Undergrad: 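Got a structure for you, questions after.
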There are 2 protein chains.
Amino acid sequence: MSVSVKRGRPPGMMDVARLAGVSHQTVSRVLNEHKNVSEQTRLKVRAAIAELGYRPDRAARALVTGTSQVIGVVAQNSSLFGPASMLNAFEEAAQAVGFAVNVSSVRSLDQRSIAEAVDRHLDQRVAGIVMIAPVASAGPALEHLPADVPLVTIDGDPERSSTLVTVDQEAGARAATQRLLDAGHRTVWHISGPSDWFDAAGRVRGWEQTLTDSGVEIPPLLTGDWSAASGYRNGQLLARLPDVTAVFTANDHIALGLLRALNEHGRRVPDDVSIIGFDDVPEAAYFTPPLTTVRPDFAAVATASLELLMEQVSGAAEVGRRRTVAPELIERGSVAPPAV
Amino acid sequence: MSVSVKRGRPPGMMDVARLAGVSHQTVSRVLNEHKNVSEQTRLKVRAAIAELGYRPDRAARALVTGTSQVIGVVAQNSSLFGPASMLNAFEEAAQAVGFAVNVSSVRSLDQRSIAEAVDRHLDQRVAGIVMIAPVASAGPALEHLPADVPLVTIDGDPERSSTLVTVDQEAGARAATQRLLDAGHRTVWHISGPSDWFDAAGRVRGWEQTLTDSGVEIPPLLTGDWSAASGYRNGQLLARLPDVTAVFTANDHIALGLLRALNEHGRRVPDDVSIIGFDDVPEAAYFTPPLTTVRPDFAAVATASLELLMEQVSGAAEVGRRRTVAPELIERGSVAPPAV
DNA sequence: GGCGAAATTGTGAACGCAAACATCCACGGG
DNA sequence: CCCGTGGATGTTTGCGTTCACAATTTCGCC
């Protein structure tokens, strides 16, 4: 850990080579863990590297190899819990395999914005791109992408995207809906997310399907926008309907808004109405009452995405693979049998 | 928007130069908006660039200039609302001035982790580093940083950091505390964040100070960890103390936990107890009751940080500047006069 | 109308690295 | 004993860009 005194350019391969008494190419070989380097010289080089505090210049490497050790992520600029968690998890996974992550967030997921974000990444010669593209409008932007850049889409269009990793929204929704049915409720209402989100659509499908399978009446679908506000608005409606005893909401924040609306109308949870949310935001356990919810495994999605991306990067490119990770139902205090 | 047919290397400056009938250097000049380029050739070059779909190779540029158009951000790998919002806001601001953002998140903000994250950024030859370093342990890591890399710290140590941007925690805390005092409460309790967070410390100072200034008794300080769980735990305690009528919590999630604890003990908010939170998370308006809280302006912090960083990057480096942005009290329904 | 300065354009080198190719050496089989 | 084989190392070249400097053109002015 000695400090180089000359405050000029940082040391380069040549400097290391000179100090170690070898050629710069040998240094390169040591760095890239090539075979055919004797243990002895490897050690010498390592020592020289340490002494000089040498660090390879990624830019130079990128220039000659034509690719960088950077992964570009296109994500929506939001603090929504799902996407934010996903981003965090992915960043950590990428870091573990020595890749840097370049985030290019985008205000809205329309085609133009996404294309621009992708362009920014292409300028940086990223090794691959991960698109967190949960909405339908994101699809077309992928079409015009050069075919030779590795790409993985998270929560994208099941119909279109080539390589795709998703949370199994349907399974989560089925688990939630079934749980409410099992508790004895005649049917289950649903407040969905925005209809152009695949996540939202999947949850709706799972809910509908479960109801159908049980031969139960399907109530009208209520639509929210992930926000607590939308849960509250829809809650104003539901609170007035005495036969509403069970609601599955597309996420926890909607559930929170619903909780408040029910509360204001004097309908108790879970005594009068049972609720199940989705996402398991950290504070869901401290809603009043604690919220039973569905927890997606963001870390699993992230590592799966990275795996698929790395396969493409390293050339063994089986494009078009899919990976799905199943969420888990977290039981807490917002579900009870219907009042008699 | 024509597509280059040859699927070989992407076009370089030379290709553009050839097509435009000029030298590669002239192309470079056009790209960098140098003076002394005739309008005529500028147009020719622009046309050639468009026709070939040429895009400059940032890696090559970085190699020769020794710096990239990338800003490294070191942040904690968490979905905490504050840091996540900050990151988002900063990313957007950086993007607007043509810089890419490289995130190197870190599991915990200890010295070693931070040093590693910084190293990763140094490897990438980032133009500057932004450190979202809200805890005390992050300080020492900054010491060993090469002095010539532009650095801005967000929410860092007021005592130590050179260039610093922070939310004015004290002012926010004062506003909240004063508001409760003004409502007629005899004193105000506080559940703080972790004591090693500067944010938390600042809020404690503001709270204490306001109480002192009003010549009011200062209740014992309760310590939380930002989580709803910690709000709940402390709430178990507070709910049993009948003389507790006003609580200022270090963030909204703590307030949520507290809300539940009070609720379980039959103490109504705001009738029996008034509460003010901090952060204004999007769902705070839908707590039961809606939460009065303090809203920091993350976007303002982000743009201020970027400004300061850019000053350093462009050489006009007045290191050691400070910038503070004042938060705003958002009135909602969780404050009322004490019961008589 | 010619001369110098300013504007414009071109030429060569260098940035730090990896790939391709060349070289050197030791060892073993015919 | 010679040549072939393969491991270990060195040399050269080029990636796409900018910088320093050189060359050329343009223009104003006496």
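Since we're looking at a predicted model, the values are computed, not measured. Sequence lines set the chain letters: A, B, ... in the order given, protein chains first and strands last, and positions in each chain run from 1.
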Undergrad: dT9(C) phosphate, OP1 or OP2: any side-chain N/O from Thr41(B) under 4.0 angstrom?
TA: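 Yes, such a contact exists.
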Undergrad: So do Leu306(B) and Phe90(B) actually touch side chain to side chain, heavy atoms under 4.5 Å?
TA: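 They are in contact (side-chain heavy atoms under 4.5 Å apart), so the answer is yes.
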Undergrad: So, does Asn36(A) get its side chain near the phosphate of dA8(D), meaning an N or O under 4.0 Å from OP1 or OP2?
TA: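 So the side-chain polar atoms of Asn36(A) do come within 4.0 Å of the phosphate oxygens OP1 or OP2 of dA8(D), strictly under.
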Undergrad: Return the value, rounded to whole Å, for the distance between atom CD of Gln69(A) and atom P of dA18(C).
TA: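 Between P of dA18(C) and CD of Gln69(A): 10 Å.
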Undergrad: Could you tell me whether Asp123(B) and Arg58(A) have a side-chain N and a carboxylate O separated by less than 4.0 Å?
TA: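 The answer is no: the pair does not qualify as a salt bridge.
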Undergrad: Over all heavy atoms of both residues, which pair between Gly128(A) and Leu309(A) is shortest? Give the atoms and the distance, please.
TA: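 Heavy-atom minimum between the residues: CA-CD1, 4.3 Å.
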Undergrad: Will you find, in the side chains of Asn88(B) and Ser85(B), an N or O donor that is under 3.5 Å from an N or O acceptor?
TA: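 No, no side-chain donor-acceptor pair sits under 3.5 Å.
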Undergrad: Pick one: which of Val313(A), Val118(A), Thr67(A), Ile129(A) meets side-chain contact (heavy atoms from CB on, under 4.5 Å) with Val149(A)?
TA: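 Among Val313(A), Val118(A), Thr67(A), Ile129(A), the one meeting side-chain contact (heavy atoms from CB on, under 4.5 Å) with Val149(A) is Ile129(A).
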Undergrad: For nucleotides 13-19 of chain D, give me one character per nucleotide, 5' to 3': B if any protein heavy atom sits under 4.0 Å from the base, S if the only such contacts are to the sugar-phosphate, - if neither.
TA: -BBBBBB
Undergrad: Is the phosphate of dA7(C), meaning OP1 or OP2, less than 4.0 Å from a side-chain N or O of Ser38(B)?
TA: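 So the side chain of Ser38(B) is outside the cut-off, no N or O lying under 4.0 Å from OP1 or OP2 of dA7(C).
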Undergrad: How many whole angstroms separate atom CD of Gln40(B) from atom C1' of dT9(C)?
TA: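 These atoms are roughly 13 Å apart.
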Undergrad: Could you tell me the separation between the NE2 atom of His34(A) and the CD atom of Gln25(A), rounded to the nearest 0.5 Å?
TA: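 Atom-to-atom, His34(A):NE2 and Gln25(A):CD are 7.5 Å apart.
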